[in-house]
Protein chains: 2
Amino acid sequence: MDKEKLEYIEEAGLAFELFGMTRMAGRIFGYLVVSDQEVVSFEQIRETLKASKGSISGTTKNLIHVGFIEPVSLPGDRKTYFRISRQKAGRILKERTALFLKFGSLLDRGRALKAEEDRVSDWLLEISSFYKWMVHEVDMVTDKWEMVKEGYMQKMKGEEDENSEKK
Amino acid sequence: MDKEKLEYIEEAGLAFELFGMTRMAGRIFGYLVVSDQEVVSFEQIRETLKASKGSISGTTKNLIHVGFIEPVSLPGDRKTYFRISRQKAGRILKERTALFLKFGSLLDRGRALKAEEDRVSDWLLEISSFYKWMVHEVDMVTDKWEMVKEGYMQKMKGEEDENSEKK
DNA sequence: CTTTTGGTTCAAAATGTTTTGAACTTATAA
DNA sequence: TTATAAGTTCAAAACATTTTGAACCAAAAG
């Protein structure tokens with residue numbers, strides 16, 4: 001695997017830490033991104049990332065759980081392969097956003113514990129309402145994506161081509 | 001401080017860990033939520049949470065940085081007080097969402113490293129487009145909140161009252 | 001069966017993060 | 001000034017997470 005890709009993989013590791021996941025999770029994800037194969041085997045991951053079987057096993061399980069990658073098994077082959085999950089990106093986002101409901105109720109329960117309604121309660125109500133309302137809005141926007149994505153992706157690709165022409 | 005509130009504070013600590021922050025950050029936030037004062041002093045936090053000055057100092061700085069709380073200073077008083085940030089909740093969300101752009105470009109850069117465009121590239125383009133598009137949508141929805149919040153908060157409060165009547 | 005391959009498990013080691021506590025800084029009060 | 005109160009800083013300790021590696025299990029091949 002060439003140097004540029006290996007660097008990319010490490011960068012993905014750091015980025016994933018920023019998103020609150022482990023470095024190894026980012027590396028595995030990054031490897032699946034830049035690999036020129038449709039699917040990558042457990043052993044290939046282990047070898048490319050020079051990590052232990054235990055680490056690969058645990059981290060792939062976790063990445064599958066949060067929906068970033070998915071296992072692929074092939075007939076007549078007992079190895080497990082992996083690829084970037086084909087699950088809609090929106091699905092993952094919706095799940096993450098659902099945490100907002102938890103934050104909203106945390107605030108509501110806190111508000112209920114206060115001696116009396118005051119300026120702080122009003123503000124807490126506003127924040128909690130915002131987050132709870134947001135969950136529904138994000139769901140709707142996510143659904144809207146399916147309608148607009150063709151157009152948007154065309155635009156994105158166009159801009160990329162423009163940039164590479166300028167070089 | 002009564003037992004119920006202290007329990008709430010610990011719960012807030014655990015919840016914040018779930019959101020990717022530290023337990024102490026959650027405790028401080030939780031304390032500001034349930035305190036019946038407008039503002040709470042550094043020393044009160046230290047005492048209630050039984051933590052060191054160093055820990056309070058570092059964690060409040062961080063909570064201020066990410067916009068969850070804000071410092072308050074009073075004339076003729078050299079203590080620092082804190083309260084839940086009155087910054088619009090949307091501001092914080094917009095900043096968090098901006099990380100999606102980073103994820104989007106991570107995918108784009110990975111795609112550029114691939115030998116040739118394949119099925120995986122197509123899928124990567126779709127995910128990256130989704131996240132980048134989402135950032136703008138979330139911004140718009142967040143702005144919309146200002147228009148609809150009055151109505152929504154009324155509804156929320158109504159439902160709460162209904163629930164407490166039923167008890 | 002027995003062997004081999006592919007992966008899982010889990011305790012211990014390595015690494016990272018958070019908290020403490022003591023020394024230090026800064027600003028006000030005396 | 002000098003003294004004191006309020007925070008900050010930072011190295012070390014406590015604590016948590018991640019990774020390793022060796023032992024283990026299950027399924028397919030021989």
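The model shown is predicted, which means the values in this text are computed figures rather than measured ones.
Under a 4.0 Å N-O distance rule, the pair B:Glu137/A:Lys144 qualifies as a salt bridge. With respect to the salt-bridge test (charged N to carboxylate O, under 4.0 angstrom), the residues B:Lys149 and B:Glu146 qualify.
When the C1' atom of D:dA28 is taken as reference, atom NZ of A:Lys79 falls 13 Å away, rounded to whole Å. Counting to the nearest Å, the C1' atom of C:dG21 and the CZ atom of B:Arg46 are 11 Å from each other. At whole-Å resolution of the value, CZ in B:Arg78 and C1' in C:dT26 are 10 Å apart.
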For this session: For the pair A:Phe82 and A:Ser41, evaluate side-chain contact (heavy atoms from CB on, under 4.5 Å) and give the outcome as yes or no after the intermediate values.
Result: CA-CA 6 Å; A:Phe82 301 93; A:Ser41 74; over 6 Å; no
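Of the listed residues (A:Arg111, A:Glu117, A:Arg119), just one forms a side chain to side chain contact (heavy atoms under 4.5 Å, CB included) with A:Leu124, and that residue is A:Arg111. Between A:Arg83 and the choices A:Glu70, A:Gln37, A:Glu38, the side chain to side chain donor-acceptor pair (under 3.5 Å) rule is met once, by A:Glu70.
By the 30° and 60° cut-offs, the orientation of the rings of A:Trp145 relative to B:Trp133 is tilted.
Near-neighbour residues of DNA chain C inside residues 12-42 of chain A, defined by a heavy atom below 4.0 Å, number-ordered: A:Phe42. Only B:Lys50, B:Ala51, B:Ser52, B:Gly54, B:Ser55, listed by number, bring a heavy atom of residues 49-71 of chain B to less than 4.0 angstrom from any atom of DNA chain C.
A ring-centre distance under 6.0 Å is not found for B:Phe19 and A:Phe100. Outside the 6.0 Å centre-distance limit, the rings of A:Phe103 and A:Phe130 are not counted as a close aromatic pair.
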